[in-house]
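Right, one structure below, let's go through it.
Both counts, for ligands and for their atoms, begin at 1 and track the order of listing.
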Amino acid sequence: MILITHDLGIVAETCDKVAVMYAGQIVESGSIYDIFDKYVHHPYTEGLFASIPNLHEKNRRLSPIEGLMPDMSLPVKGCWFAPRCKYCSSRCTESAPPAADWGNGHMVRCHLQKEEVSTWRN
Ligand code: SF4
């Protein structure tokens with residue numbers, strides 16, 4: 001069964017494998033453990049998790065992903081998420097990021113290396 005949803009709670013309860021899509025492109029995929037239990041993610045996935053309400057922090061405002069989706073009718077150079085990504089650098093706007101295996105089939109489509117993300121978030 002393939003389940004398509006924006007509800008990450010349903011995904012967590014139902015799925016074995018997860019593919020995160022942005023602008024029609026899979027930007028991250030892996031096991032449910034890769035997506036929900038690890039803290040190193042594609043920047044878009046990071047933004048999705050940051051935008052989930054936390055019932056234990058009642059005064060905390062939601063953190064939406066700033067910006068808008070790209071216009072899919074226009075050609076895009078580089079990473080499609082670049083205009084909204086807080087980690088964007090010149091390489092991101094110059095070339096499309098490859099899909100990289102961050103271990104055991106955990107795929108991330110980003111110019112960042114897994115080690116860079118791990119260092120920043122520790
Ligand atoms: S390739 Fe660059 S712009 Fe795209 S998600 Fe990764 S860091 Fe952000």
### Task
For S95 and H111, test the side chains for any donor-to-acceptor distance below 3.5 angstrom and give the result as yes or no.
yes
### Query
Can you tell me if Y22 and R84 form a side-chain donor-acceptor pair at under 3.5 Å?
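Note: Y22 and R84 side chains meet the donor-acceptor criterion.
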### Query
Relative to each other, are the rings of H42 and F81 parallel, tilted or perpendicular (30° and 60° limits)?
tilted
### Beyond-backbone contact of Y87 with L112, side-chain heavy atoms, under 4.5 angstrom
yes
### Query
Close to atom 2 (Fe) of ligand 1, meaning under 2.8 Å, how many protein N, O or S atoms are there?
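That number is 1, waters not included.
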### Query
With no hydrogens and no angle check, is any side-chain donor or acceptor of K114 less than 3.5 Å from a backbone partner on W102?
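Yes, the answer is positive, given that a donor and an acceptor are paired below the 3.5 Å cut-off.
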### Query
Would H42 count as a contact of ligand 1 if the rule is a heavy atom under 4.0 Å away?
yes
### Query
With T93, which residues qualify under side-chain contact (heavy atoms from CB on, under 4.5 Å), at least two apart?
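Partners of T93 under the side-chain contact (heavy atoms from CB on, under 4.5 Å) test: A82, C88.
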